[in-house]
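Residue numbers start from 1 in every chain, and the chains themselves are labelled A, B, ... in the order their sequence lines are given, proteins ahead of strands.
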Protein chains: 2
Amino acid sequence: MPPAIKSQQRVSRMNLSGQIAEQLREDVLTGALLPNAQLNEKELALSFGVSRGPLREAMQRLIQEGLLRSEPHRGVFVAEMSEADLTDIYFVRAAIETAAAKQLVTSRNTETISSQLSRISEKMDKAVHAKRWKDGSELDFEFHRSLVDAAGSKRLSKTYMTVQAETRLSLHRLMGGYRRSEELAEEHFRFADILKNGDLTETLDELDRHFGDPVAIMRRARHSDSSEYRKSSIE
Amino acid sequence: MPPAIKSQQRVSRMNLSGQIAEQLREDVLTGALLPNAQLNEKELALSFGVSRGPLREAMQRLIQEGLLRSEPHRGVFVAEMSEADLTDIYFVRAAIETAAAKQLVTSRNTETISSQLSRISEKMDKAVHAKRWKDGSELDFEFHRSLVDAAGSKRLSKTYMTVQAETRLSLHRLMGGYRRSEELAEEHFRFADILKNGDLTETLDELDRHFGDPVAIMRRARHSDSSEYRKSSIE
DNA sequence: AATTGTAGGATTGTTGACAATCCTACAAAA
DNA sequence: TTTTGTAGGATTGTCAACAATCCTACAATT
């Protein structure tokens with residue numbers, strides 16, 4: 001008599017609106033839906049093969065999340081970040097990453113995460129040297145998200161996910177696209193090393209340096225086509 | 001010929017789902033809807049005098065916001081905070097308030113806000129001496145929200161609003177209700193004074209002290225009916 | 001007694017139709 | 001020429017009905 005099957009995995013319940021919300025979120029984040037584009041309910045419902053009801057419910061979720069913007073009776077649009085938005089995003093990202101780093105250092109819990117961050121930095125190094133700028137950018141996002149996730153705060157991670165999404169929305173219009181610099185990985189390696197040392201002041205100082213200044217980033221993006229922040233033709 | 005009327009006030013567009021979301025949010029925050037209570041769509045739609053569609057849309061907003069919890073095919077419930085949640089909430093609140101205070105101090109922008117905080121502390125003092133504990137608690141919330149708002153970051157304020165709402169949801173079950181201590185206002189006066197001085201290290205240290213430890217708060221709430229954290233009969 | 005199967009009722013999820021709103025184009029009036 | 005009014009079409013907002021799912025109670029089976 002074989003042992004009874006005992007699954008450790010609970011069945012996940014998800015209705016149409018949940019599935020649609022996930023897909024829409026992905027479409028926004030990957031650029032399939034561009035900033036300021038209108039989401040036409042009739043067309044979208046048709047293309048998802050559902051009625052407008054669950055589509056509207058899904059959109060309400062993303063509106064509350066900040067990825068979409070609703071104008072009652074006019075429609076729903078992909079959110080578009082202004083320069084003031086990006087400045088705010090950088091401020092909040094800094095607050096979050098600072099809190100996460102501080103938590104990791106003060107609880108002497110930097111070993112595992114700094115190894116993980118170094119591994120991501122290695123992959124980033126390969127990507128930038130192969131001029132795969134999009135991949136480099138994705139790994140950059142992953143690096144920072146990993147740092148925040150390592151602090152173990154559900155809410156901090158959720159908030160960070162939102163502001164990271166908003167950073168992605170800002171990338172091409174305000175920040176000049178993917179950063180095209182082979183120094184990208186070095187900076188990240190350096191931070192991982194400093195974090196490993198467990199010195200709070202150094203860690204926080206390096207984090208400050210790492211962030212850069214959103215105003216300067218935007219100015220460079222506006223003024224130079226040869227800027228290191230440019231949408232890659234490889235993409 | 002009288003001058004043409006030129007209103008500075010744009011007309012606000014709000015549909016049913018927006019209005020319902022606001023009302024539901026208020027009901028959750030004021031305790032009209034208790035943690036873990038189920039929201040029955042049919043009844044609620046009837047009592048709001050609308051169909052279930054906009055009600056569902058409103059609920060999606062609050063679900064994404066974290067005030068409600070959805071179990072597909074079973075219903076929507078008012079979120080209930082666990083002890084782990086409250087610990088996390090305190091962590092995020094600390095991160096946010098720390099970032100706000102730091103911003104205010106480093107930009108030498110503490111004059112106006114410290115005056116405002118002192119005024120709130122005065123009102124708090126009156127409330128606690130009149131044993132209006134609920135009022136004291138509300139003013140406590142207002143104090144902290146004002147501090148964060150003064151930093152001028154839309155996203156920081158929005159995130160804070162959410163974790164503050166979650167703190168309210170935790171108040172009676174995990175924290176023993178309103179804090180009943182006449183020291184409440186003193187602590188807040190003290191913080192306002194230190195903020196006014198503009199010394200970053202002192203400000204951040206005082207903030208740390210001010211927060212207290214969520215674990216200790218919960219332990220006290222569990223172990224003592226004469227605790228200073230108890231639901232007021234005056235309420 | 002414990003387990004499985006079934007039916008009914010309550011509630012949630014989805015759909016399609018109708019109502020409401022907005023925008024655009026065009027005509028009429030000043 | 002400019003301003004105002006109107007109609008039509010497109011899109012969004014809401015509604016009521018039907019479908020799907022879950023839960024509970026009870027009966028049948030082991």
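- Under the 3.5 Å distance criterion, with hydrogens and angles disregarded, a donor-acceptor pair is assigned to the side chains of A/D85 and A/S82.
- Both A/P72 and A/R52 sit near DNA chain C, but only A/R52 has its closest nucleotide nearer the 5' end.
- What separates CG of B/L46 from C1' of D/dA16 is a distance of 13 Å, to the nearest Å.
- No hydrogens or angles considered: nothing links the side chains of A/N15 and B/H73 as a donor-acceptor pair under 3.5 Å.
- Rounded to a whole Å, the CZ atom of B/R56 is 14 Å from the P atom of D/dC15.
- Contact annotation: B/S51 side-chain N/O to D/dT14 OP1/OP2 distance is not under 4.0 Å.
- Spacing between atom CE of B/M59 and atom P of C/dT12 amounts to 7 Å, rounded to whole angstrom units.
- Rounded to an integer number of Å, the gap from CD1 of B/I63 to C1' of C/dG13 is 13 Å.
- Donor-acceptor pairing under 3.5 Å is lacking for the side chains of B/Q164 and B/H144.
- The CD1 atom of A/I20 sits 8 Å away from the P atom of C/dT14 (whole-angstrom rounding).
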Find every protein N or O atom lying less than 3.5 Å from an N or O atom of nucleotides 6-11 of chain D, and list the pairs.
residue	atom	partner	partner atom	Å
D/dT11	OP1	A/N40	ND2	3.4

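- In this structure, the CG atom of B/N15 is 11 Å from the P atom of D/dC15, given to the nearest Å.
- Counting only heavy atoms from C-beta outward, the side chains of B/K42 and B/L46 never approach each other to under 4.5 Å.
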